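The first residue of the sequence shown is numbered 1, and numbering continues consecutively from there. The shown structure was predicted, so the numbers you read here are calculated from the model rather than taken from an experiment. Every heavy atom of this structure was used, including side-chain atoms; hydrogens, water molecules and symmetry mates were not.
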Amino acid sequence: MFCSLESHSFHETIKPFLFLLLSLSCFVYFVEANIFIYAGCSQDKYASNSPIEGNLNSFLSSVVSSSSQVSYNTYAIGNGSSTPPDATLYGLYQCRGDLQKADCTRCMQSAVNQIVLVCPYANGASLQLEGCYLRYDHANFLGVPDTSLKFKKCSRSVNNDVEFYKRRDDVLDDLESAIGFKVSSSGLVEGFAQCLGDLSATDCSSCLATAVGELKSLCGSAEAAGVFLGQCYARYWASGYYAELSPDSHHEDDVGKTVAIILGVLAGLAVLIVLLSICRKPSH
């Protein structure tokens with residue numbers, strides 16, 4: 001037996017498997033980067049093909065293109081005197097402070113795709129993903145103070161762990177001083193917080209103080225917790241429990257494990273096909 005390389009046959013044979021591997025790798029990234037946290041939809045609906053629908057589509061399109069340049073932006077569409085009152089739309093988006101521009105754009109594209117499915121024909125809606133936030137409304141909410149609770153998530157409790165409580169409080173105290181986005185850690189406890197981009201330093205600190213207070217009162221001794229208010233959020237976790245902040249985390253983990261198994265199987269098949277393609281018996 002001898003081995004010879006037949007390039008055309010080899011490339012044509014392996015190409016479908018390379019495509020599958022690449023596609024599944026991208027899917028794994030998508031699953032990890034766009035975890036759903038919460039959404040809110042107004043009860044008021046607009047009619048199909050109404051003036052506000054056109055402004056909403058314009059807003060959502062602008063969000064995706066703008067997110068490749070800046071991580072936060074606000075919009076007021078159709079608020080001129082020549083526009084019908086029922087067509088006015090206000091909106092904003094914000095990416096998490098540690099996301100790169102490319103990741104911000106991917107997150108916002110996912111948020112745009114999801115918000116129209118979760119809140120169809122809604123005059124107002126908000127959507128929070130792991131890495132970004134999107135909101136629009138017929139009424140003008142831009143710059144209006146809002147420290148109301150939108151969502152909370154608390155994991156299992158830590159019992160009688162004085163060291164954990166101390167570390168957690170150190171992290172939360174530090175997060176209260178955030179201006180925009182801040183990451184903090186103390187021992188095995190980590191956390192981060194973020195305010196909307198148009199909040200002043202004073203208003204941001206005030207919002208985060210409220211969020212931290214809600215974390216302590218609502219989640220008590222939770223090992224990981226997150227509180228989202230109208231204009232800011234604060235989150236913390238003990239090492240190894242960050243995923244528990246997401247209500248869909250176990251599902252996402254299962255999907256990731258399943259895809260990893262498929263990738264392994266495909267990789268094995270690809271190796272086998274390579275060997276079969278390049279090694280053959282000599283013809284007589």
Side-chain angles (χ1 to χ4, degrees), residues 26 29-40 55-77 89-116 118-119 124-137 140-147 150-151 171 174-185 190-208 210-212 226-237 242 245-246:
C26 292
Y29 174 83
F30 176 82
V31 167
E32 293 176 347
N34 300 280
I35 298 174
F36 175 89
I37 295 181
Y38 78 87
N55 286 337
L56 175 59
N57 291 336
S58 176
F59 162 66
L60 296 178
S61 177
S62 297
V63 162
V64 176
S65 59
S66 176
S67 62
S68 65
Q69 303 297 320
V70 291
S71 62
Y72 171 80
N73 210 346
T74 61
Y75 298 82
I77 302 175
L89 189 83
Y90 301 89
L92 63 80
Y93 75 85
Q94 178 161 285
C95 288
R96 202 174 67 203
D98 59 345
L99 259 61
Q100 299 296 318
K101 288 181 180 178
D103 295 328
C104 178
T105 302
R106 278 190 284 264
C107 190
M108 291 316 311
Q109 181 65 71
S110 180
V112 164
N113 293 340
Q114 292 186 49
I115 202 167
V116 295
V118 176
C119 301
S126 59
L127 180 79
Q128 178 74 59
L129 300 183
E130 178 64 36
C132 58
Y133 175 69
L134 178 65
R135 182 183 177 185
Y136 72 87
D137 206 304
N140 187 3
F141 64 90
L142 300 176
V144 178
D146 183 6
T147 55
K150 303 300 182 183
F151 180 80
V171 168
D174 189 35
L175 292 180
E176 283 190 43
S177 64
I179 300 176
F181 176 76
K182 186 171 188 176
V183 179
S184 182
S185 64
E190 301 173 318
F192 60 76
Q194 186 165 19
C195 294
L196 287 184
D198 61 350
L199 287 188
S200 66
T202 300
D203 290 339
C204 181
S205 295
S206 177
C207 188
L208 289 175
T210 303
V212 167
V227 161
F228 294 79
L229 306 184
Q231 293 180 302
C232 68
Y233 64 81
R235 307 168 70 177
Y236 75 85
W237 60 93
Y242 175 75
L245 288 169
S246 168

| query | Going through the distances and angles, do F141 and R135 end up as a side chain to side chain contact (heavy atoms under 4.5 Å, CB included)? | reply | CA-CA 10 Å; F141 64 90; R135 182 183 177 185; 3.4 Å; yes
| request: Verify salt bridge (Lys or Arg N to Asp or Glu O under 4.0 Å) between R96 and D103, making sure each step is shown before the conclusion. | output: CA-CA 10 Å; R96 202 174 67 203; D103 295 328; over 6 Å; no
| field | Intermediate values then yes/no, side chain to side chain contact (heavy atoms under 4.5 Å, CB included), F59 and L134 | value | CA-CA 11 Å; F59 162 66; L134 178 65; 3.7 Å; yes
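Of all non-hydrogen atoms in N34 and R106, the two that sit nearest each other are OD1-O, 3.8 Å. Contact record, V63 with M108: CG1-CE, 3.6 Å, taken as the closest heavy-atom pair. Across E190 and V171, no two heavy atoms sit closer than the pair C-CG1, 4.1 Å. Shortest non-hydrogen contact noted between S62 and Y75 is O-OH, 3.4 Å. Across every non-hydrogen atom of C207 and L229, the tightest pair is O-CD1, 3.6 Å. Closest approach of S65 to S68, counting heavy atoms only: O-OG, 2.7 Å.
Q69 contributes atom CD, which lies 8.0 Å from atom OG1 of T105 (distance to the nearest 0.5 angstrom). Annotation: the span from S71 atom OG to N73 atom CG amounts to 9.5 Å, rounded to 0.5 Å. Rounding to the nearest 0.5 Å gives a distance of 12.0 Å between CG of D203 and CD1 of I179. Here the CG-CG distance, from L89 to D137, works out to 8.0 Å after rounding to the nearest 0.5 Å. Residue C95 holds its SG atom at 11.5 Å from NZ of K101, rounded to the nearest 0.5 Å.
Residue L208 is tested with S206, S205, C204 for a side-chain contact (heavy atoms from CB on, under 4.5 Å); the sole match is C204.
Using a 4.5 Å cut-off on side-chain heavy atoms (C-beta onward), F228 and Q128 make contact. Side-chain contact check for F36 versus L129: some heavy-atom pair is nearer than 4.5 Å. Inter-residue side-chain proximity for Y72 and D198 is flagged as met; some heavy-atom pair is nearer than 4.5 Å. Counting heavy atoms from C-beta outward, Y133 and L92 have side chains that approach closer than 4.5 Å. At least one side-chain heavy atom of Y136 sits less than 4.5 Å from a side-chain heavy atom of L56.
Between the S184 side chain and the L175 main chain, no donor and acceptor come within less than 3.5 Å of each other. Under a 3.5 Å cut-off, the side chain of S61 and the backbone N or O of N57 do not form any donor-acceptor pair. Judged by distance alone, with hydrogens and angles left aside, the side-chain atoms of Q231 form a donor-acceptor pair with the main-chain N or O of V144 at under 3.5 Å. Q94 places a side-chain N or O within 3.5 Å of a backbone atom of C195 that can act as its donor or acceptor partner. In this structure, Y93 contributes its side chain and S66 its backbone to a donor-acceptor pair below 3.5 Å.
Cys pair C104/C132: SG-SG separation is not below 2.5 Å.
Relative orientation of the F192 and Y233 rings is perpendicular, given thresholds of 30° and 60° on the angle between their planes.
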